[in-house]
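Contents: one structure, followed by commentary.
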Amino acid sequence: MVSKIPPDVGPRYPQVVVLVGATGDLARRKLLPGMFHLCNAGFIPGCRIIGVSLDEIDRDRFRDIARSALEEFSTRKVSEADWTAFAQTLDYVPLSAGAAALRAAVEKAEQSFEGESRRLHYMSVPPSAALPAVRMLGEAGLVERSRIVMEKPFGTDRASAVSLNARLHEVFDEDRIFRIDHFLGKEPAQNILAFRFANGLFEPIWNRNFIDHVQIDVPETLALGKRAAFYETVGAFRDMVVTHLFQILAFMAMEPPTALEPAPISEEKNKVFRSMLPINPTDVVRGQYTGYRSEEGINPESDTETFIALKCSIDNWRWAGVPFYLRTGKRLAEGQRIISIAFREPPKSMFPAGSGVGAQGPDHLTFDLADASKMSLSFYGKRPGPGMRLDKLSLQFAMHDTGHIGDVLEAYERLILDAMRGDHTLFTTADGIERLWEVSSPLLEASPPVRLYAPGSWGPNAIHQLIAPQAWRLPFERIWRDPNRLGS
Ligand code: BG6
C-alpha cells in the first residue's frame, strides 16, 4: 500500500515510547488507540511501546488491556491483522522492577530497529505523581535522545508549579519537555489561528472597537466515574480552566506572531497571560451538583467545585473593557465546546418597533471545538414577505462538508506526533503556566463557597447575574445545521 501521509508530518526516526500510567483511564481511552492509529496509518517510521505502571502484570496481560482498550475506544476499525502487528510493538515493565529493568526493555526495543531511534516518555499520570518515574528515567540513563510529555494539571498553584518545573529540570532540559494541553491539539483550536491570520476579513474587527464580549463555554454532561478521587483534589477550575480554557483564550486573544513557529507563538500567548488581570473572586461562580458529596471517594463535606463560571479581563490595547466569560462543569444539560464572539450592536436602529432587530441578541461568530470544526456567523436578515420583519440567520461551515473529515487527527494523536517531531507549537510553557497560576491566586486564596445546582441544569442561578446584561449563548436558540443531512 502506498502511504498517503506526507513525509514531513511524522518523526524522522523510529520511536520507543515509555508510557507511564499505561493501564490508566487516559492511556486506555486516548493514548493506546491514538498510538495504534499513528503506527497503523504510517505516520511513524517504527514504534515500540513499553507500558509502565504500578500494576504487577506481565506483557501478555498488558496486551490484553490494550486490545480491550482498542475495542472499546478506537474510533477506527481495528482488523485482526492490524491488531497482531500492533501487539508485537507492546511490552510491559512494572514500576517496581526498577530502573535497570526499564533500561533493558528500552534497549531491547531499540535493537529491533535497524538504525537510529528516539525515545518519547509519556507521563500519563498527574505531574506530581510522575516525579518518581521521572527520577527513575534519569537513574536508568534514559534521558539521552529523549523527549518527555507531561500531563496536566501542572501544579495546583504557582508555588507548586515552580517547584514541579525545578524538579523536572533536574532531569530534563526545557527544550525536551512537552506539557500537553489536549485542547490545543483539537483541529478547531488550530483553526482559530488559520481563521484569524490567513484571512483579511476578520482580523481588522478583532478588537474592542467591534467585539462586545467573548464566551468560552465547555459544559459537559459527564459525571466523574472512576476519576472521582482524583477530581475531588482538583475541581473544575484546575482541571479545565487553568489548563484548557485559558489556553484557548490565548489563541483567541493573542496578537499575530512574527512567524508561525513555536517561540513566536508562545511569546504572543504569554503576553496575553501577562496582560490578564488577576481573577477577582467576586467575578466567579463556583458550583457543585447535588449528590456529588455522596459519591464514592468524595468527602461528604466536600467544597470541590464541579462547575465554574467566571469573568476575566485582558488589560491591553486590543481587549481593554471586553469581558471574557468562561464556563465549564460536569453533569450539565448538554455537552458542548464553543467559543462565541458577540459583536457590538449598530449605534442606531432605523427599523420599526416590533421588527425584531436585536431581539435575539447581537451578531455572533461561533467556533465549535468538537474534533470536526464547525463555525457559524449569525446576523439579522429580512424575513420574506411584506413589511420589514427581521430574523436571526446564520452562515455555517462544517468540516463534514469538505470531504476531509477522515483526515482529522484526534487531539492526542496530533500532539503525540508533534512531540515525537520535537515541535513545541501546540504545547504550553513553564512561564505561561506559572503566570496563569499567579493570576488565579486571588481566587485560590479566597474562593467563594460552592452553590448547589441540579444535575442536568446549566449551573447555579448566579451565572445569569455574572453575565448580565448579556446572556449566555448556550443553550442555542437555533441548532447547528445537521451535516449528515446535507445533500439528502
Ligand atoms: C480533560 C479533563 O482534560 O478534558 C476532563 O480532565 C474533561 O475532566 C476533558 O472531561 C474534556 O476533554 P474533551 O476532549 O472530551 O473535550
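Counting starts at 1 for both ligands and their atoms, in listed order.
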Lys/Arg N to Asp/Glu carboxylate O, Asp217 vs Arg337, below 4.0 Å: no
Distance-only side-chain donor-acceptor flag, Gln15 / Arg48, under 3.5 Å: no
Test side chain to side chain contact (heavy atoms under 4.5 Å, CB included) applied to Pro94 - qualifying residues, sequence neighbours left out: Glu56, Tyr92, Ser96, Ala97
Results of side chain to side chain contact (heavy atoms under 4.5 Å, CB included) for Arg167 - residues two or more places apart only: Leu131, Arg135, Ser163, Glu170
Ligand-residue contact atoms, ligand 1 with Arg227, heavy atoms, under 4.0 Å: 2 (C), 5 (C), 6 (O), 8 (O)
Numbering as shown, the atoms of ligand 1 that approach Leu222 to under 4.0 Å (heavy-atom distance): 10 (O)
Member of Glu305, Arg451, Arg293 meeting the side chain to side chain donor-acceptor pair (under 3.5 Å) criterion with Gln288: Arg293
Side chain, backbone, both or neither: Phe183 near ligand 1, heavy atoms under 4.0 Å: side chain
Lys/Arg-Asp/Glu bridge criterion (N-O < 4.0 Å) met for Lys269, Glu255: no
For Asp239, the ligand 1 atoms whose distance to one of its heavy atoms is below 4.0 Å: 2 (C), 5 (C), 6 (O), 8 (O)
Which of the ligand 1 atoms, numbered from 1, are nearer than 4.0 Å to a heavy atom of Met240: 2 (C), 4 (O), 7 (C)
Closest protein heavy atom (residue, atom, distance) for atom 16 (O) of ligand 1: Arg337 NE, 2.5 Å
Presence of salt bridge, Arg29 and Asp25, under 4.0 angstrom: yes
Short N or O distance, His182 and ligand 1, threshold 3.5 Å exclusive: yes
Atoms in ligand 1 with a heavy atom of His244 nearer than 4.0 Å: 1 (C), 3 (O), 4 (O)
Worked verdict on Asp55 versus Thr23 for side-chain hydrogen bond (donor to acceptor under 3.5 Å, both in side chains): CA-CA 8 Å; Asp55 292 339; Thr23 55; 2.7 Å; yes
Atom indices of ligand 1, in the order listed, that fall short of 4.0 Å to a heavy atom of Lys152: 1 (C), 2 (C), 3 (O), 6 (O)
Numbered atoms and elements of ligand 1 in range of Lys330, under 4.0 angstrom, heavy atoms: 5 (C), 7 (C), 8 (O), 10 (O)
Protein residue, atom and distance nearest to atom 9 (C) of ligand 1, heavy-atom basis: Glu220 OE2, 3.9 Å
